[in-house]
Every structure is written in structure tokens, then in C-alpha cells.
Amino acid sequence: MNEFKNQREFKEEFKRRIIERYGRSIEQAHITEKYMILGEMVRDYASFHSKETKDVISDKGEKQMYYFSMEFLMGRLLTNNLMNLGIYDIVKEGLEDLGIDLNELEDLESDAGLGNGGLGRLAACFLDSLASLNLAGNGNCIRYEYGLFKQKIVNNEQVEVPDQWLSLGNVWEVRKPKHAVNVKFGGHVDMWMGEDGKAIVNHVPSLIVRAVPYDVPIVGYDTKVTNTLRLWSAEVADDACDAASLSEYVNEVREICRNVYPDDSTEHGKILRLKQQYFFVSAGLYNIIDSHLKNYPNLDNFAEKNAIQLNDTHPVLCIPELMRILMDEYKYEWDQAWDITTKTMAYTNHTVLSEALEKWPIQYVQDLLPRVYMIIEEIDRRFKYWVSHDMGRADLMNECCVLKDGQVHMANLAIIGSHSVNGVAALHTEILIKDVMKNFYDIYPAKFNNKTNGITHRRWLIYSNPQLTKLLERTIGPDFKKNPERLIDLMNYVDDPRLQKDFMEVKMERKKILAKYIKDTLGIEVDVNSIFDVQAKRLHAYKRQLLNVMNIIHLYFKMKSDPNFRIYPRTFIFAAKAAPSYTFAKEVIKLIHCVADKVNNDSDINPYMKVVFIPNYGVSIAEILMNAADVSEQISTAGKEASGTGNMKFMMNGALTLGTMDGANVEIVERVGYDNAEIFGLRADDVALIRHENSYNVWDKYNKNPDIQKIVNSFVDSTFSNDPKDFKQIYNELMFKNDEYLLLADFEAYAHAQRNIEEKYRDEAAWARACLINIAQSGFFSSDRTIKQYADEIWDIHPIKVK
Ligand code: 26V
């Protein structure tokens with residue numbers, strides 16, 4: 001029996017499975033065994049719905065979408081699945097009867113950290129929205145053996161430890177060996193003329209890898225629609241090599257799925273990443289084609305029944321790979337194959353940073369994927385011909401082609417081979433159109449569109465902040481749970497002093513939960529009556545954690561030198577992982593810790609200010625961090641942050657955005673108004689102008705402002721560290737690379753904005769009102785809205801009905 005209908009059935013099934021699996025009674029079973037059995041029961045419950053969903057799709061001939069992404073930051077799934085299935089209370093109470101605390105089992109689950117940051121978490125939010133909106137949309141990714149590294153702090157520095165997320169096994173996945181496929185690398189290509197005069201192509205690989213899928217059911221909220229996240233694992237293929245080279249072969253295979261983002265500072269690392277990309281792309285495509293051919297006689301209608309969304313350029317090999325399969329294996333002519341391919345593929349861009357736009361040395365692609373490379377060459381040749389002859393725009397040819405300077409330009413390939421190209425916030429899309437992809441916009445204006453990011457309000461509000469959810473339900477009723485845009489109804493109550501007070505109480509409860517976590521894990525006592533000011537995101541120069549630190553140092557110096565100057569008590573909280581080879585980012589982490597040591601241990605200062613760095617930021621920490629914040633730090637250099645999604649999580653939980661006009665901050669302010677956010681600093685067009693005119697000189701800023709001088713000098717005058725090597729790189733980046741991210745340019749405006757925040761916070765009723773307005777206006781930032789737009793405007797998929 002899979003679907004237990006009540007507590008009694010649940011308990012019986014639970015007991016039965018424990019005995020059956022472990023030969024022990026409930027009392028004798030270990031807590032991890034109880035966790036495993038519960039997880040499996042929930043998974044089986046979901047699998048049952050999964051089968052019904054698949055049946056409907058195939059019976060009705062529904063179109064499906066596949067989200068191809070190298071990253072899915074799923075976090076934990078137990079609570080989410082129990083809640084979405086509507087069986088949380090049955091299970092919680094049933095377990096209680098058996099003397100088991102559900103929360104203890106929930107805490108045993110490791111985060112599935114199959115990603116780096118925003119792009120990976122977006123993919124996870126999208127899966128939740130797809131199923132919850134009854135849309136047939138699946139994920140395709142790699143089953144990494146280790147998630148993103150775990151961050152420890154040793155002697156104030158980041159140390160990376162492997163994330164063994166599979167050590168207890170993964171209860172959510174089901175291995176599906178019958179769907180395994182072979183993926184081929186290297187070797188050479190033979191071509192000859194067939195009897196019909198058509199070319200026959202035979203790729204003779206030097207490496208064959210067996211790709212085995214593990215399926216994770218994706219459960220929607222209050223629906224039976226259950227989709228699949230398919231994770232591919234690399235295994236040795238039968239007869240793929242002789243015994244002599246076996247161990248080398250096994251190593252080569254196992255390496256493919258070992259790590260998220262293997263270190264790509266070396267050639268070996270780069271090639272490995274390219275291998276990963278082709279591995280999950282090829283396996284994923286073969287599977288989609290196989291299941292298509294179970295329902296239809298051929299692939300002529302492939303694009304009508306399947307949509308593929310390319311999450312950034314990482315899966316863009318999908319384009320030449322689908323071309324290859326259609327032509328070499330199913331004998332389609334180029335033009336028809338191209339038509340099917342471009343109608344299937346759509347590409348999302350997630351960054352304008354040039355160093356993050358992928359380019360592969362031609363040699364790597366040619367050696368690793370000889371046949372795919374031939375197809376890329378042909379795509380490039382035809383594109384060049386078409387642009388210069390048919391379009392008459394030879395001037396754009398070199399800028400936009402795929403192969404140049406010895407490299408394969410993946411974003412160019414993505415744009416040429418897709419029918420849709422989207423940015424992830426209005427400002428970001430505008431920058432793509434007007435600047436980064438301007439030439440392509442001239443060529444293909446109709447392909448470009450915007451899809452402002454969103455977050456699932458189920459995980460980020462309802463499940464992680466039950467206190468606020470209850471208050472909202474009491475005030476506006478439960479409709480917002482199914483329809484987050486109904487949060488707007490809260491606008492009718494934001495002036496109600498009772499509600500304002502209740503909101504502050506809810507916030508206080510959340511702050512206490514976070515304060516306890518900080519005390520338990522770091523031993524730091526924080527004042528829950530202070531302003532909780534949080535910056536939580538990957539550590540990167542453009543996100544400007546350093547600007548935040550500079551203001552902290554500034555306030556510290558000011559309070560030290562002037563006993564009459566005191567700020568409203570504030571707790572500055574940071575959480576951020578730095579890429580292992582990113583030395584500047586690691587130095588900023590060290591600086592935060594050194595500043596924290598000084599500030600937190602100074603009894604003149606620590607009643608007013610504490611600095612806390614929460615290590616190992618990830619989904620589960622975000623779930624207790626975002627909703628405890630009063631202030632949401634979103635202070636990237638304008639034009640650099642494509643969207644941001646943390647900004648939306650903070651907003652939805654009633655924090656004020658302290659930010660620049662960047663990414664989705666612009667759309668947040670558009671909704672809440674300038675009074676209910678604190679916006680400062682240069683705008684994206686100011687930044688563009690400064691660059692264009694080359695008019696910025698960091699030394700002018702430094703020389704004119706003694707406060708800035710004092711702060712910048714403190715990086716190198718042993719104020720915060722006795723080791724003269726410490727913070728030298730920070731100093732050099734600022735002062736000898738002309739402050740690329742314009743921290744000094746924005747410093748005064750930022751310090752001023754921080755003073756405004758303090759003034760606002762002193763008026764509790766007004767503050768609460770502003771927070772409530774943020775919550776009320778946050779419905780737009782639900783990923784349900786985003787996914788509806790993708791479904792209607794790009795994928796053309798519609799809700800299905802599973803009874
Ligand atoms: C990647 C890299 C890799 C090499 C070194 C520098 C660098 C800098 C940035 C990136 C970002 C990769 C793409 C990404 O994660 N973008 C994020 O996507 C989020 C979801 O759309 C969005 O909210 C964030 O603004 C965007 O940074």
C-alpha cells in the first residue's frame with residue numbers, strides 16, 4: 001500500500017517497513033533507519049502519483065518541458081514533500097504516537113547542494129512551481145557524488161571540506177538502469193556515401209561511458225501532478241575497454257560525476273567540465289527521444305511535444321547534439337533537423353560578466369567531441385553565410401559567429417540555435433538587448449524576451465516561516481497559499497497598528513530562532529533587539545560585501561574616536577561561500593572575521609554592534625536566515641547582478657531592501673515605492689557612462705575623503721591583522737586597479753543610506769508598515785508567476801489534469 005489515508009494506516013505501514021527492512025522493532029531501530037523508512041514511504045507515495053502523471057501525459061499527448069541545468073540546489077525535501085502532499089500533520093502526529101519526533105528526522109537530511117548559487121536555486125524553485133501549477137516540466141542534471149564543498153572557518157579563513165551528501169544514501173532517488181544509455185567521447189569520425197547518395201557518418205569513440213539515471217519525484221502543492229528530476233550518473237560501459245587499461249578507464253569514468261564545478265583553473269579541470277556538460281546533455285536527449293518514440297512514429301513532431309530550456313550556456317551542447325542525433329541516427333536533412341532543433345531549444349542568460357560567458361578552446365571540443373564539433377562548424381558556416389548574404393549584415397558576422405579566436409563561443413551558439421533568449425530581470429534583459437547582445441538583437445529581435453526571476457513562496461514563506469504564514473492567514477485568509485498574488489490584499493491592512501505590532505512580534509520570534517542558532521553554532525550572543533542586517537549570497541567582488549565591511553569599519557572608528565557618537569544597535573550578519581581558487585573573495589571572508597574579532601570583543605562597542613559570519617551558507621541556513629532579517633543587503637555595482645533572488649526571499653518575509661538599482665531590486669522598488677526601500681548609489685547608466693568616458697579615478701575619492709582614507713589604510717596598517725600579507729590584495733584591487741566595482745564611488749551614498757535605515761527603524765510603527773508593504777507586494781516575485789510566463793510565452797505548455 002502506498003497511499004496511507006490516515007494516521008492509523010501510516011503507523012501500520014511505518015512499523016511494517018521497519019521490521020521488514022531492518023528486522024527490528026520501532027524501539028530498537030536507529031534514528032537514521034527511521035528517517036530512511038519515512039523518506040521511502042513518502043517517495044513511494046509520490047511515485048504512485050508520478051506514474052499517473054506519466055500515463056496522462058502519454059494518453060493525452062501532452063507537451064512536456066525539460067529544464068537542462070548543471071545545477072539544482074534542492075536543499076532538503078522531506079518537509080517540503082510532506083507539506084506539498086498535505087500529509088505533514090498525519091505523519092507528525094503518527095510519529096509522535098510512536099514516540100518519534102519528526103523534527104529530529106527532518107534534521108538528519110543533508111541538503112542536496114548540487115549547485116553554486118542563484119542559478120541552481122532558481123532551477124529548484126522552478127521545479128516546485130511547475131508541479132504545483134500542474135505543468136509537465138522535468139529537470140535534467142548530473143548526480144554529483146559530492147555537492148558544493150562544505151565551508152569551515154579555521155583561523156578566520158575559509159577551508160573547503162567535501163560535502164558527502166550521499167553518505168546516508170539518498171532516499172528520494174530511484175535508480176533506473178533500464179533507461180541507461182551510452183555516451184561517446186573522443187576518437188574519430190568516418191564518413192562515406194550510402195547507396196541513396198546520402199552521407200553516412202560513423203563516430204568511432206575512444207571512450208564510452210554508461211549513463212544511468214536516478215529519478216527524483218518532484219511533488220507539487222495540493223495536486224497529484226508529479227514530475228521528475230533526472231540525475232545522471234556515469235558508470236563503466238560493458239566491453240568498453242580491455243583489462244589492461246581497466247583501472248585508468250574506471251578512474252576516467254568516475255571522475256565525471258565526482259564534483260559540482262570541478263576546479264577549472266587547470267586544463268584537466270576544464271576538459272572535465274566540458275565532459276560533464278556533454279555527458280548529461282547527450283544522455284538527457286537520448287532519453288527524451290526514446291520516450292517520444294514510444295508515443296509517436298517519428299521525430300517530425302518533436303518540437304511540438306517537447307521543449308528544452310537551457311539554463312545558461314552550460315547545457316548548450318544540446319543544440320549540436322540534437323542536430324547530430326536527428327541527422328546521423330534518424331536521417332533527417334540539415335534544414336529539417338535545424339527547424340526541429342531551434343523550435344525545441346530556448347536559452348536563458350544569467351550573467352553579463354564577461355569572465356563568466358563560456359568559451360571553449362576549439363581544440364578541446366574537436367578532440368573530445370569530433371562529430372559534434374563538425375556540426376558546430378557547419379552551424380557557424382551557415383550562420384555567417386546567412387547573416388552576410390541573406391541579411392546583408394556582413395558587419396555583424398564576425399562579432400556574432402560561433403567560432404573565433406580559436407574558441408567556441410557558447411552564448412553565440414545558444415542564441416543562434418534557440419527560438420527564445422531571455423534575461424532574468426527587466427534591467428538585465430535591457431542590458432542584454434542594448435549592450436551585451438546588441439548585435440544579436442539587431443539580427444533576431446523577436447527571440448529576445450524578459451522573464452523576471454521568482455522564488456517559491458511555499459518553501460520560502462509558508463514552510464520556513466509558519467509564524468508569519470499564520471499571521472497572514474488570520475489577516476487576509478488562506479488564498480495566498482495557492483495564489484501568491486493575493487498577498488496584495490495585505491495592502492488593505494498595512495496601517496492597522498494591531499497588525500503592525502503582531503508583525504514585529506513574529507519578526508522577533510524569527511530573530512530569536514536565528515539568535516539561538518548563532519549562539520549554538522558559533523557561541524556568539526547577539527541582541528535580538530538590534531537591527532538584523534543581513535548579506536547572504538556568494539562572495540564576489542561585484543556583490544560588494546567589502547562595501548558593507550567598509551561601513552562597519554567606518555562606524556567602529558567613529559564610535560571609538562567620539563564617545564558621543566553611538567548608533568542604534570545593529571547585528572551585521574554575513575553568509576557567503578567563496579570559490580576555492582578565488583583569492584580576493586577569500587581575503588574578504590578573512591577580513592570580515594578579523595573585523596568581527598575586533599568589534600565583538602570591544603566592550604565600548606559591542607553593545608551597539610556585532611559582526612557575525614555564518615559558515616556554510618546553503619538552502620537550509622537560508623531558511624532560518626532570510627526570515628529573521630530586518631535589512632536585506634543588495635548592494636551590487638549597478639548593472640552587474642542579473643537579478644538576484646535572495647532579495648525576493650527577504651522581501652517576502654518582511655525585510656527592507658537596502659540596495660542599488662540593480663537586477664530585480666529595480667522591480668522591487670517599482671512595487672514597494674522608494675519610501676519602503678532604501679536605494680542608493682550610481683545607476684546602471686551612470687556606471688556605463690563612467691566606463692565609457694573613463695572618468696573615474698579612485699585616488700580622487702581617496703584623497704578627498706579622510707574617512708575613506710582611514711578605512712582603506714586600515715586594510716594594510718595592521719589594524720585588523722598583524723600579518724602584513726593580509727588584505728594586501730584587497731588594497732591592491734581597490735587602489736591599483738582603479739576600484740573596478742566602484743566601492744569608493746558609492747561609499748558616501750551607502751553610509752548615508754545606512755543612517756537612513758537607522759532613522760526609519762527608530763519609528764517602529766512606520767517600520768512595520770514598510771515591512772508589511774514589502775510582503776504585500778512580493779506576490780509578483782513568486783516563481784509561480786515566472787513559470788506561468790515561461791509556460792505561456794516560451795514553452796507553450798498548459799496545465800494537465802491528473803485525477
Ligand atoms: C559565474 C562565474 C564563474 C567564473 C567566475 C566569475 C563568475 C561570476 C558569476 C557567475 C554566475 C553564473 C551564473 C549565475 O549563477 N547567475 C546568477 O543567476 C541568478 C538566477 O538567475 C541571478 O539571480 C543572479 O543575479 C545571477 O548572478
Side-chain angles (χ1 to χ4, degrees), residues 66 68-72 112 114 138-147 165-166 169-170 172-190 201-216 228-260 262 268-269 271-294 308 314-315 317-318 320-322 324-326 328-330 364-365 367-373:
Y66 297 88
F68 274 55
S69 176
M70 286 273 276
E71 306 187 13
F72 281 89
L114 310 183
N138 309 289
N140 192 65
C141 186
I142 293 171
R143 183 176 181 271
Y144 300 100
E145 196 178 332
Y146 301 99
W165 74 294
L166 291 171
N170 175 10
W172 305 112
E173 66 187 16
V174 180
R175 183 182 156 91
K176 297 271 173 76
K178 73 166 182 171
H179 293 303
V181 294
N182 283 346
V183 177
K184 297 170 186 164
F185 296 96
H188 66 275
V189 178
D190 291 328
V201 182
N202 185 32
H203 173 204
V204 185
S206 58
L207 171 70
I208 302 180
V209 177
R210 192 164 105 104
V212 183
Y214 287 70
D215 285 357
V216 178
T228 303
L229 168 59
R230 182 154 273 188
L231 301 174
W232 292 98
S233 184
E235 296 185 7
V236 296
D238 293 340
D239 309 325
C241 80
D242 50 40
S245 42
L246 186 65
S247 78
E248 212 176 291
Y249 171 61
V250 171
N251 276 340
E252 197 170 358
V253 169
R254 292 202 55 188
E255 203 178 36
I256 295 177
C257 297
R258 188 123 58 209
N259 287 306
V260 177
H268 181 76
I271 292 173
L272 189 52
R273 189 163 156 77
L274 183 61
K275 253 189 208 164
Q276 288 188 327
Q277 297 188 348
Y278 183 68
F279 171 75
F280 94 109
V281 155
S282 180
L285 277 176
Y286 270 117
N287 253 223
I288 298 171
I289 289 171
D290 280 352
S291 69
H292 184 90
L293 292 174
K294 285 202 183 103
I308 293 178
H314 321 145
L317 289 169
C318 257
E321 176 66 359
L322 181 56
R324 184 190 69 77
I325 299 173
L326 289 170
D328 295 358
E329 300 187 14
Y330 293 93
Y364 292 4
V365 183
D367 291 349
L368 194 66
L369 311 166
R371 177 57 182 151
V372 166
Y373 181 72

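- Taken from CD in Gln277 to CG in Leu317, the straight-line distance is 6.0 Å, to the nearest 0.5 Å.
- Using a cut-off of 4.0 Å between Lys/Arg side-chain N and Asp/Glu carboxylate O, Glu321 and Arg324 are scored as salt-bridged.
- Looking at Leu322 and Val281, their side chains never come closer than 4.5 Å, going by heavy atoms from C-beta outward.
- When all heavy atoms of Ile142 and Leu114 are compared, the closest pair comes out as O-CD1, 4.1 Å.
- Note that the OG atom of Ser206 and the CG atom of Leu368 stand 8.0 Å from one another [nearest 0.5 Å].
- Going from atom CG of Leu272 over to atom CD of Glu255 covers 4.5 Å, rounded to the nearest 0.5 Å.
- In terms of heavy atoms, Asn140 sits closest to Phe72 at O-CE1, 3.7 Å.
- Every side-chain contact (heavy atoms from CB on, under 4.5 Å) that Asp190 has, sequence neighbours left out, goes to His188, Trp192, Asn202, Val204.
- Residues passing the side chain to side chain donor-acceptor pair (under 3.5 Å) test with Asn259, sequence neighbours excluded: none.
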Could you walk me through whether Trp172 and Leu229 pass the side-chain contact (heavy atoms from CB on, under 4.5 Å) test, one step at a time? CA-CA 10 Å; Trp172 305 112; Leu229 168 59; over 6 Å; no
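- Side chains of Arg143 and Glu173 form a contact here, defined as non-hydrogen atoms less than 4.5 Å apart.
- The distance from atom CG of Asn170 to atom CH2 of Trp165, rounded to the nearest 0.5 Å, is 4.5 Å.
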Step by step, work out the side-chain contact (heavy atoms from CB on, under 4.5 Å) result for His314 and Gln276. CA-CA 9 Å; His314 321 145; Gln276 288 188 327; over 6 Å; no
Decide yes or no on side-chain contact (heavy atoms from CB on, under 4.5 Å) for Tyr249 and Leu207, but give the supporting numbers first. CA-CA 8 Å; Tyr249 171 61; Leu207 171 70; 3.5 Å; yes
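- Heavy atoms only, all atoms of each residue included: Leu166 and Glu145 are closest at CD1-O, 3.9 Å.
- Contact record, Ile256 with Ala234: CB-CB, 4.1 Å, taken as the closest heavy-atom pair.
- Ring-plane geometry between Phe185 and Tyr278 is classed as perpendicular, the angle between the planes exceeding 60 degrees on a 0 to 90 degree scale with a lower cut at 30.
- Using a 4.5 Å heavy-atom cutoff, the side chains of Arg273 and Met70 are in contact.
- Closest approach of Ala211 to Phe279, counting heavy atoms only: CB-CE1, 3.5 Å.
- One distance of note links SG of Cys318 with CD1 of Ile288; it measures 7.0 Å at 0.5 Å rounding.
- Side-chain atoms of Trp232 and Pro213, non-hydrogen and from C-beta on, do get closer than 4.5 Å to each other.
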Apply side-chain contact (heavy atoms from CB on, under 4.5 Å) to the pair Leu285 and Ile308, showing each step before the final yes or no. CA-CA 9 Å; Leu285 277 176; Ile308 293 178; 3.5 Å; yes
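- Summarising the geometry, atom OG belonging to Ser233 is positioned 9.0 Å from atom CZ belonging to Arg254; distances are rounded to the nearest 0.5 Å.
- Residues passing the side-chain contact (heavy atoms from CB on, under 4.5 Å) test with Arg175 are Pro177, Arg210, Val212, Tyr214, Glu235, sequence neighbours excluded.
- In terms of heavy atoms, Val189 sits closest to Pro370 at CG2-CB, 3.8 Å.
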